[in-house]
Trainee: 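Questions regarding the structure given below will be posed in turn.
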Amino acid sequence: MRHTISLLVENKFGVLSRIAGLFSGRGYNIESLSVGETIDPQISTMTIVTSGDDQIIEQITKQLNKLIDVIKVVDMTELDHVEREMVLIKVAPRQEDKAEVLRLTEIFRGRVVDSSKTTYTIEITGDEKKIEAIIELLKPIGIKEFVRTGKIAIAREGVKKS
Amino acid sequence: MKMTGAEILVETLKREGVKHIFGYPGGVILNIFDLLYDDKDIQLILTRHEQGAVHAADGYARSTGKPGVVLVTSGPGATNTITGIATASMDSIPLVVFSGQVPTMLIGNDAFQEADIVGISRPCTKYNYLAKDVRDLSRIIREAFHIATTGRPGPVLIDLPKDVTASKADFTWPEVKIRSYNPTYEGNRWMIQQAANLIAKSKRAVIIAGGGVIISGAHKELKELAEVTNIPVTMTLMGLGGFPGTHPLSLGMPGMHGTYYANKSIQESDLLIAIGMRFDDRVTGKIDAFAPHAKIIHIDIDPTSIRKNVRVDIPIVGDVKRVLTVLNKMLREDMKEQWDEVRKAWLRQIDLWRQERPMTYTYSDDVIKPQFVVEKIFELTKGDAIISTEVGQNQMWAAQFFKFDRPRMWLTSGGLGTMGYGFPAAIGAQIAHPNKLVIDIAGDGSIQMNIQELATAVINKLPVKVAILNNRYLGMVRQWQELFFAGRYSHTHLEVVPDFVKLAEAYGAVGLRATKPSEVESVLKEAFKIKKTVFMDFVVHWKEKVFPMVPAGAPIDHMLFEEKPEKEEKKLKAVK
Ligand SMILES: Cc1ncc(C[n+]2csc(CCOP(=O)(O)OP(=O)(O)O)c2C)c(N)n1
């Protein structure tokens, strides 16, 4: 099963490679990883999407906890939480499909952030399903490339997962 | 007062109580070596290879419980430490390793003798540092000692760019505060109570004690637990000495080369109490078939050890000594009188297994059996010696036939299985215990991996004894080839083995040789009398194998045994 694991880590030299090294050294898989500063500039937050059975996930969270630079590990999958990801998609539609691209962007509450004679670059934010859906819809129209940020997640306040 | 980085380092080490450093110099570390040249409080022991320095520091640490300290130069000096660091890491040994580094300005430029040792050592250290600013130096060193010696101990490396040790700062003595590092020492009381309840109900319980018992200094608490509850104890390779090997409740070692009765007991048990051990595959054999009827209580300070490879019913994260202290109190309040009665049938059954398949070998009058040498060492020293080993058959025979009654007398590379460990480790232990008898039980292959340390031993007048079980083969690998590769001895015959007697003499040590069983005792006695480094070359039977043996991946009660020789005159010798 897939899990979204959120970490608070010391914002120090080499932290990323300690975490990446833990996953690669023990044969765990990282599906996506995103890193950013927190309100305290000495602390970064990381969101890692990984997969494995319960035993592997238990090991992953324990191993992460054991790293000296890791302050806190939360398996978001066990909590009620909000997940978001952003994608930038560069589409190259034929003349007759241009309106459709704009329409889809609208429906998905995205924005066109750049355009050229032959392309639009659109920005979409949402959960994974939404991102996958827009990509599927735009594929037949002609995607040149897309870039995803990887997931970020935050726990919802005051709710326990039912 | 302003001090240079090198001065700060030396002062910090003194305040940390460091008396000995094992090291090897080079360009970028000269600032520090220069200070140690005439230092009164810290002695630097120059080894002849950086790997030797790390193993020596490791032997020092294992035999004392104090952290071992290493000082080497950048590049090749630093990379040469890696095997030693990985060895210590696998066995949870506290080390602080200082490596020189090129000046900060040059880092990343492929400068002369630059190696990214922080990157290289990351997976085999508990933590590591690149000290970039002289003002952080004392804090980093203090943190390194703290991290190395607390929780589950391990090696910590500090990389020291040359300009950092040369530049100046005020000396500071900051408190260690690492918000993200808080090992759990106290076990959860509710869990410990559950463990006590299970123990109270169990009929066929077995304790498996690992290296954690020794590290946490819990041998007394373990003995009390075993004696109060009358539960037999098996000690992993790392746990030898954590419980007295001569105790009636001792089952010896479990696993691949463990005793039949230890493995049988585990397999038939209804409760396993695993203490400070991590269910290595050499202990469990085939995991799915391991202890099929047992509930498992697992006590370990490292949460990642728990449920890593076996299912656990009662996980207890904490320091072994503290957890056992609480557990023993709960059990004492229980039903002490009933224990003996409850365990009678179980202990009787174990005795039957013990009689059925004792830990034996076939003695010979014509050729020296390696087991006989180990047995004689045990007999002559009465167990009062620090024993280190190399890796291979020598290591297993030492583990099987020497009985360790006390902790910190047994130095062996368990997790990594590093050939070349034993001799430098013995040197480190001898530095820490100048008046103790320290013996490396070696193979002729392994001893050649760090044989240059003869010079270190001789120059420092260390009376280390090396007993080479010389079979002219990479014996353990040869054994696997004999059993599993149809006797095709691909590259395991060493063909040319040096004359160890002459070699020892060439270094200024003493060399002795025994070629017949009748000479073994006199060679050992003579060696123990000589107050110098002694190499003993025991020319042993080349074809001897380590038994019992569980083939890799088989259940641990599927054991191979020595074939009983037909010849009558070869009497079977049982070891109590
Ligand atoms: C550094 C290293 N290289 C290779 C091995 C694999 N290995 C394990 S035991 C062994 C043979 C050891 O031979 P020797 O030291 O003569 O000891 P014996 O088994 O004959 O007692 C080898 C090569 C190892 N453990 N360590």
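Order of the sequence lines sets the chain letters (A, B, ...), proteins ahead of strands, with each chain counted from 1. Any value given below was found using the heavy atoms of this structure, including those in side chains, with hydrogens, waters and symmetry copies removed. In this text, all values refer to a predicted model and were calculated from it rather than measured experimentally.
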Trainee: Chain A heavy atoms under 4.5 Å from B:R179: which part of the residue, side chain, backbone, both or neither?
Mentor: side chain

Trainee: Kindly indicate whether the side chain of B:T304, heavy atoms from C-beta on, has any atom under 4.5 Å from the side chain of A:R26.
Mentor: no

Trainee: Search all heavy atoms of B:P303 against all heavy atoms of A:K62 and return the closest pair with its distance.
Mentor: O-NZ, 2.9 Å

Trainee: Please look at B:I147 and chain A and tell me whether the side chain, the backbone, both or neither of the residue comes under 4.5 angstrom of a heavy atom of that chain.
Mentor: side chain

Trainee: Can you tell which of A:V9, A:D69, A:N65, A:L8 has the highest number of heavy-atom pairs within less than 4.5 Å of chain B?
Mentor: A:D69

Trainee: Should we say atom NZ of A:K90 is surrounded by more than 12 heavy atoms from elsewhere, each under 6.0 Å from it?
Mentor: no

Trainee: Relative to chain A, which segment of B:R311 carries a heavy atom at a distance below 4.5 Å: side chain, backbone, both, or neither?
Mentor: neither

Trainee: Give a yes or no on this: more than 12 heavy atoms of other residues, nucleotides or ligands lie within 6.0 Å of atom NZ of B:K308.
Mentor: yes

Trainee: Among A:R18, A:K72, A:K66, A:E58, which residue forms the greatest number of heavy-atom pairs with chain B at distances under 4.5 Å?
Mentor: A:R18

Trainee: Working to the nearest 0.5 angstrom, can you tell me the gap between A:I68 CD1 and B:N182 CG?
Mentor: 10.0 Å

Trainee: For chain B, which of A:E10, A:Q59, A:K12 has the most heavy-atom pairs under 4.5 Å?
Mentor: A:Q59

Trainee: To the nearest 0.5 Å, how far apart are CG in A:L7 and OG in B:S180?
Mentor: 12.0 Å

